[in-house]
Amino acid sequence: MRCFLAMIPPADVIAGIERFLEPRRTASQGSPWRWTRPSSYHVTLAFMAGYPDQRTEELIQGLDAWAQRRVPLTMTVAGAGAFRSPERAKVLYLSVPGEAAVRLGEWSQQLRALVTHHGGSPDGAGFTPHLTVARASRAQQAGRLVQALDTYASAAFTVSEVALVESHLGERRHDVLHRASLPGA
């Protein structure tokens with residue numbers, strides 16, 4: 001199973017991102033950018049290209065136990081960037097700034113270790129907390145678009161859960177399999 005552990009923003013934050021992106025999406029029609037569907041907005045904490053289906057329940061139990069030892073996190077989504085770089089971008093994203101980025105980085109390390117403990121092989125790539133908003137199949141010059149996206153800033157919100165999400169790559173669809181709630185949320 002192709003899956004990931006992620007922070008999914010609350011509905012009002014997703015709606016705010018959509019309002020912000022709509023004119024940029026419209027202005028870029030006909031460009032090589034494929035814009036992410038709002039139902040797919042998330043910050044990936046641990047990604048597994050292949051996780052053994054028969055161990056999913058074990059992973060869910062481990063995730064629940066992990067979540068019970070954490071406290072909710074207050075954060076914002078603000079600023080933007082591009083993977084590789086704005087000059088050779090294949091992915092455009094909104095950023096997670098400040099202390100929340102540090103905490104999510106810690107969570108990512110812990111969750112990658114959890115996945116490994118429960119039989120998975122998480123992606124070992126470096127962690128940059130981000131919310132992907134567009135992709136291109138080939139590298140693109142995106143400096144102006146990144147500058148426009150960089151003006152975004154959400155209101156502060158509370159991260160009260162971490163989700164296990166199955167990714168259906170060919171269908172560009174994500175299904176939430178489980179939500180692990182943090183105490184006090």
Side-chain angles (χ1 to χ4, degrees), residues 1-17 36-79 81 83 90-133 135 154-185:
M1 163 175 69
R2 180 183 174 89
C3 61
F4 54 89
L5 299 173
M7 182 287 298
I8 300 172
D12 60 329
V13 173
I14 290 173
I17 292 169
T36 304
R37 296 176 181 148
S39 61
S40 295
Y41 291 160
H42 67 275
V43 175
T44 301
L45 299 169
F47 173 77
M48 290 85 50
Y51 187 80
D53 287 339
Q54 69 274 17
R55 296 191 74 176
T56 303
E57 192 56 40
E58 178 185 334
L59 177 60
I60 287 170
Q61 290 172 3
L63 179 60
D64 283 341
W66 174 88
Q68 287 304 304
R69 296 186 306 271
R70 302 298 170 285
V71 295
L73 167 67
T74 300
M75 64 175 277
T76 61
V77 175
F83 290 127
K90 290 183 83 174
V91 172
L92 302 176
Y93 63 83
L94 297 176
S95 299
V96 176
E99 180 61 29
V102 173
R103 289 266 310 277
L104 289 176
E106 292 167 357
W107 286 8
S108 176
Q109 287 181 323
Q110 295 161 4
L111 290 169
R112 288 176 191 201
L114 176 84
V115 166
T116 300
H117 179 76
H118 291 287
S121 297
D123 178 343
F127 180 74
T128 301
H130 69 282
L131 189 147
T132 298
V133 294
R135 296 180 183 277
S154 75
F157 62 94
T158 300
V159 177
S160 58
E161 63 185 20
V162 172
L164 171 60
V165 182
E166 184 175 8
S167 173
H168 303 275
L169 191 58
E171 302 170 40
R172 292 181 50 204
R173 187 181 96 230
H174 295 152
D175 294 330
V176 175
L177 301 179
H178 181 73
R179 295 176 189 271
S181 296
L182 283 66

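Scope of the values below: all heavy atoms of this structure, side chains included, with no hydrogens, waters or symmetry mates.
With a 6.0 Å radius and a threshold of 12 heavy atoms from other residues, nucleotides or ligands, H117 has its NE2 atom at or below the threshold.
Of the possible donor and acceptor atoms, none in the side chain of T116 sits under 3.5 Å from a partner among the backbone N and O of S121. In this structure, the side chain of R55 does not engage the main chain of Y51 through any donor-acceptor pair within 3.5 Å. Formation of a donor-acceptor pair under 3.5 Å by the H42 side chain with backbone atoms of S40 is found in this model.
When side chains are defined from C-beta on, L111 counts as touching L114, because their heavy atoms get closer than 4.5 Å. Two residues are said to be in side-chain contact when any heavy atoms from C-beta on lie closer than 4.5 Å; L45 and Q110 fail this criterion. Between L182 and V71, the closest side-chain pair of non-hydrogen atoms is not below 4.5 Å. Counting heavy atoms from C-beta on, the side chains of T36 and Y41 come closer than 4.5 Å. Counting heavy atoms from C-beta on, the side chains of L164 and I60 come closer than 4.5 Å. Side-chain contact check for V96 versus H130: every heavy-atom pair is 4.5 Å or farther apart. Put simply, the side chain of S154 does not reach to within 4.5 Å of the side chain of I17, judged on heavy atoms. Within the 4.5 Å cutoff, the side chain of D12 has no heavy atoms near those of the F157 side chain.
How far NE2 of H168 is from SG of C3: 10.5 Å, rounded to the nearest 0.5 Å. Atom OG of S181 sits about 8.0 Å away from atom CG of D64, to the nearest 0.5 Å. Taking CE of M48 as the start and OG of S167 as the end, the distance is 10.5 Å to the nearest 0.5 Å.
Between P122 and V115, the shortest heavy-atom contact is CD-CG1, 3.8 Å. Taking every heavy atom of both residues into account, H118 and G62 meet most closely at NE2-CA, 3.8 Å. The two atoms that bring P72 and P183 nearest to each other are CD-O, 3.3 Å, heavy atoms only.
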Checklist entry - Can you check side chain to side chain contact (heavy atoms under 4.5 Å, CB included) on T128 and F83, steps first, answer last? => result CA-CA 10 Å; T128 301; F83 290 127; 4.0 Å; yes
Checklist entry - Does the side chain to side chain contact (heavy atoms under 4.5 Å, CB included) test come out yes or no for L104 and M75, once each step is laid out? => result CA-CA 10 Å; L104 289 176; M75 64 175 277; 4.1 Å; yes
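Shown here are the side-chain contact (heavy atoms from CB on, under 4.5 Å) partners of D123, two or more places apart in sequence or in another chain: F47, A125. Take V165 and apply the side-chain contact (heavy atoms from CB on, under 4.5 Å) test, not counting sequence neighbours, and it matches F4, I8, A163, H174, V176.
For residues 95-109, the pairs satisfying side-chain hydrogen bond (donor to acceptor under 3.5 Å, both in side chains) are S108-R112, with sequence neighbours left out.
A salt bridge links R173 and D175; the closest N-O separation between the charged side-chain nitrogens and carboxylate oxygens is under 4.0 Å.
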